[in-house]
Amino acid sequence: MSTPRALAAVLRPIARKALGRRHAALGALLDDWPHVVGPDLAERALPHRLDFPRGRRDGGVLHLRVEPADALELQHETPRILERINGHYGYRAVERLKLVQVPRPHRRPARRSALTPTDAAGLDEAVSGVDDAELRRRLARLGEAVFRRRTGR
């Protein structure tokens, strides 16, 4: 029986084959992105592409997808971001950032199907003993959500 290995040790060779040597550096960065730049920045910027000069593995340009509202602030944070990225690689792999402004797609709220009259009456009865109207309303909404999750509606 073989000894346990870290998942990263198994996935990196597979990712290198799937992405090719050229894109393996981006795959490794994507994998560790929240740890490299921090969770706040990781939510506002996502690596999109990493280009190196021909025949070199340093002096690259990292393309980051950002929302237009965050672009100016991230432009001012560029030296700090570059320092963290290059610290991750252990050498000056990325020389420049290119911010690609892309608005996030707006998600439509999920459609809610109405509860059956029997279910709604049961839920109303369950929360009827609560005196505080706001708390009663919130408990009823919680009950609806739990019911929908269980029934798959």
Residue pair [X] / [Y]: nearest heavy atoms and the distance that separates them:
X	Y	answer
Leu99	Gln75	CD1-N, 3.8 Å
Phe52	Ala93	CE2-O, 3.4 Å
Ala140	Val127	N-CG1, 4.1 Å
Ala45	Leu64	CB-CD1, 4.3 Å
Val37	Ala42	CG2-N, 3.9 Å
Gln101	Ala71	NE2-CB, 3.6 Å

**Message:** Between Arg141 and Glu144, does any side-chain N to carboxylate O distance fall below 4.0 Å?
**Reply:**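 Between Glu144 and Arg141 there is no salt bridge, as every charged N stays at least 4.0 Å from the carboxylate O atoms.
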**Request:** Determine yes or no for a side-chain-to-main-chain donor-acceptor pair under 3.5 angstrom, with Tyr89 supplying the side chain and Asp58 the backbone.
**Result:** no
Distance (rounded to the nearest 0.5 Å) between [X] [atom1] and [Y] [atom2]:
X	Y	atom1	atom2	answer
His63	Arg49	NE2	CZ	4.0 Å
Asp32	Ile85	CG	CD1	12.0 Å
Arg137	Asp132	CZ	CG	10.5 Å
Leu62	Lys98	CG	NZ	12.0 Å
Thr118	Leu123	OG1	CG	12.5 Å
Glu43	Asp70	CD	CG	10.5 Å

**Item:** Neighbour count >12 (heavy atoms, 6.0 Å) for atom CD, Glu125
**Value:**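 Check fails, neighbour count at 12 or below.
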**Message:** Counting only heavy atoms not in Arg80 (residues, nucleotides, ligands), do more than 12 fall under 6.0 Å from its CZ?
**Reply:**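 Yes - once you tally the heavy atoms of other residues, nucleotides and ligands closer than 6.0 Å, there are more than 12.
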**Message:** Please determine whether side chain to side chain contact (heavy atoms under 4.5 Å, CB included) holds for the pair Leu41 and Glu77, giving the CA-CA distance in whole Å, both sets of side-chain angles, and the decisive distance to 0.1 Å.
**Reply:** CA-CA 10 Å; Leu41 183 60; Glu77 295 279 332; 5.8 Å; no
**Request:** With sequence neighbours left out, write down each residue that passes side-chain hydrogen bond (donor to acceptor under 3.5 Å, both in side chains) with Arg136, or none if nothing qualifies.
**Result:**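 By the side-chain hydrogen bond (donor to acceptor under 3.5 Å, both in side chains) rule, Arg136 matches no residue at all.
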